[in-house]
Structures are given as C-alpha cells and as structure tokens.
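Position 1 is the first residue of the sequence; numbering continues from there. Hydrogens, waters and symmetry mates play no part in the numbers below; they use all other heavy atoms, side chains included.
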Amino acid sequence: MSAVASTSGASGSSNTQPKPSEQELTAIFRSKTNELQNLVTKIGELEREADEHGLVIETLEEAFAADPDRKCFRLIGGILTERTVKDVLPELQSNHSQIKDIMEKMLSTYKAKETEFGEWQRANNIVVRQR
C-alpha cells in the first residue's frame with residue numbers, strides 16, 4: 001500500500017489560485033494513477049489481440065499458398081461466417097495493422113500522460129511513501 005504526502009514549503013510563486021487540500025491532491029493522484037493503469041491494461045489487451053491476429057495471419061498465409069479458395073470460418077460480431085482464405089486474409093491483415101496503429105497512439109498517449117503526471121507531482125510537491 002502506498003501513501004501520498006504533500007510537502008508544504010515556502011514556494012516563491014505569486015499564484016493567486018488557492019492550493020488544493022491534501023484530500024483533493026490524494027483524489028487527483030489516485031485518479032491520475034488509475035487513468036495510467038487503465039491505459040496500460042488496454043495496451044496489454046491490444047498487444048495480445050495483435051499477437052493472435054499475427055498467428056492467424058501466419059496460418060492463413062500458409063493455407064493461401066496451398067489453396068486460396070480453401071474454406072475458412074470467421075467470427076464476426078458473434079456470428080460464424082464461411083468465407084475463403086483469399087477473402088479473409090486481406091481483412092485480417094488490415095485489422096492487424098489498425099490494431100498496431102492504435103497501440104502506438106495509445107503508447108504515445110500513455111507516455112505524454114505519464115510525463116504530465118510527473119510534472120504535476122513535482123509542481124504539487126507530491127512524494128509517494130511505501131508502507
């Protein structure tokens with residue numbers, strides 16, 4: 001369990017906004033921490049989905065080389081559809097690249113929010129103490 005402490009010191013700023021209370025700082029800290037954790041979770045889910053797409057694509061490429069008109073089945077919105085490998089493979093490759101693009105965007109968002117969080121912690125003199 002960790003605790004959040006705000007160190008009060010004389011800051012030479014002439015900022016007219018009142019400083020948030022310790023409870024408000026703790027709530028903001030937890031909110032920002034949860035937001036970062038949610039991003040990490042979603043990025044992990046997307047990585048697993050991209051890995052699964054990669055494995056299926058690899059298998060279908062082998063099937064495509066042998067027989068492009070071979071039957072394959074695809075689950076779309078909970079409905080199992082019968083298609084051919086030549087129809088499904090390009091769709092999966094497109095989905096795979098879209099997942100990777102979204103993952104990269106989410107990763108850059110995570111890095112930006114993490115930097116912003118660190119700056120917020122420094123600006124509010126937040127120190128995390130481990131219990």
Side-chain angles (χ1 to χ4, degrees):
M1 185 91 188
S2 64
V4 179
S6 174
T7 56
S8 307
S11 64
S13 80
S14 60
N15 196 351
T16 58
Q17 292 180 339
K19 288 276 188 183
S21 70
E22 192 168 324
Q23 290 83 10
E24 291 171 329
L25 287 174
T26 301
I28 294 169
F29 178 86
R30 286 188 179 139
S31 171
K32 289 180 179 284
T33 302
N34 286 339
E35 186 177 3
L36 287 174
Q37 187 60 42
N38 289 339
L39 276 171
V40 167
T41 301
K42 188 62 179 171
I43 290 169
E45 290 172 7
L46 288 173
E47 283 178 342
R48 285 187 295 279
E49 194 169 325
D51 289 344
E52 288 176 10
H53 272 69
L55 289 172
V56 173
I57 288 169
E58 185 179 313
T59 303
L60 288 180
E61 284 174 341
E62 292 172 10
F64 184 79
D67 180 13
D69 291 319
R70 180 177 174 176
K71 270 197 259 184
C72 73
F73 295 90
R74 183 169 181 208
L75 191 64
I76 302 174
I79 299 171
L80 193 61
T81 60
E82 182 179 325
R83 311 277 301 273
T84 63
V85 172
K86 70 180 177 186
D87 294 333
V88 172
L89 187 58
E91 293 171 8
L92 282 178
Q93 290 169 330
S94 173
N95 287 352
H96 187 250
S97 68
Q98 289 174 0
I99 290 169
K100 290 227 176 242
D101 291 344
I102 291 169
M103 236 173 36
E104 289 174 12
K105 289 176 186 174
M106 289 187 83
L107 192 57
S108 67
T109 300
Y110 174 80
K111 288 178 183 178
K113 287 188 180 286
E114 185 179 42
T115 302
E116 176 187 315
F117 182 49
E119 291 169 358
W120 177 83
Q121 283 181 293
R122 284 187 291 283
N124 289 288
N125 298 319
I126 304 294
V127 178
V128 178
R129 291 182 287 178
Q130 298 294 327
R131 287 186 187 177

Compile the donor-acceptor pairs under 3.5 Å between side chains in residues 106-115 and protein atoms, sequence neighbours left out, one pair per line.
| from | atom 1 | to | atom 2 | distance (Å) |
| --- | --- | --- | --- | --- |
| Ser108 | OG | Lys105 | O | 2.8 |
| Thr109 | OG1 | Lys105 | O | 2.9 |
| Tyr110 | OH | Glu114 | OE2 | 3.4 |
| Lys113 | NZ | Glu35 | OE2 | 2.8 |
| Thr115 | OG1 | Lys111 | O | 2.9 |

Between CG on residue Leu89 and OG on residue Ser94, distance to nearest 0.5 Å: 11.0 Å
Full working for side-chain contact (heavy atoms from CB on, under 4.5 Å) between Gln121 and Val128: CA-CA 9 Å; Gln121 283 181 293; Val128 178; 3.8 Å; yes
Qualifying side chain to side chain donor-acceptor pair (under 3.5 Å) pairs, either residue in residues 75-85, two or more places apart: Arg83-Glu91, Thr84-Asp87
Distance-minimising heavy-atom pair for Trp120 and Phe29: CH2-N, 3.8 Å
Show me the side-chain donor-acceptor pairs of residues 55-64 shorter than 3.5 Å, one per line, residues at least two apart or across chains.
| from | atom 1 | to | atom 2 | distance (Å) |
| --- | --- | --- | --- | --- |
| Thr59 | OG1 | Leu55 | O | 3.0 |
| Glu61 | OE2 | Gln93 | NE2 | 3.3 |

Whichever hydrophobic residues join Leu80 through chains of side-chain contacts under 4.5 Å: Phe73, Leu75
Atom pair CZ/CD1 of Arg30 and Ile28 - distance to nearest 0.5 Å: 12.5 Å
Tabulate below the donor-acceptor pairs under 3.5 Å that side-chain atoms of residues 36-52 make, not counting sequence neighbours, or state none.
| from | atom 1 | to | atom 2 | distance (Å) |
| --- | --- | --- | --- | --- |
| Asn38 | ND2 | Asn34 | O | 3.3 |
| Thr41 | OG1 | Gln37 | O | 3.0 |
| Arg48 | NH1 | Gly44 | O | 3.4 |

Qualifying residues under salt bridge (Lys or Arg N to Asp or Glu O under 4.0 Å), relative to Asp69, sequence neighbours excluded: Lys86
Greater than 12 external heavy atoms within 6.0 Å of Arg74's CZ: yes
Pairwise distance CG(Asn124) to CD(Glu119) - rounded to 0.5 angstrom: 12.0 Å
Reported OG-to-CD distance for the pair Ser31 and Glu24, which is rounded to 0.5 angstrom: 13.0 Å
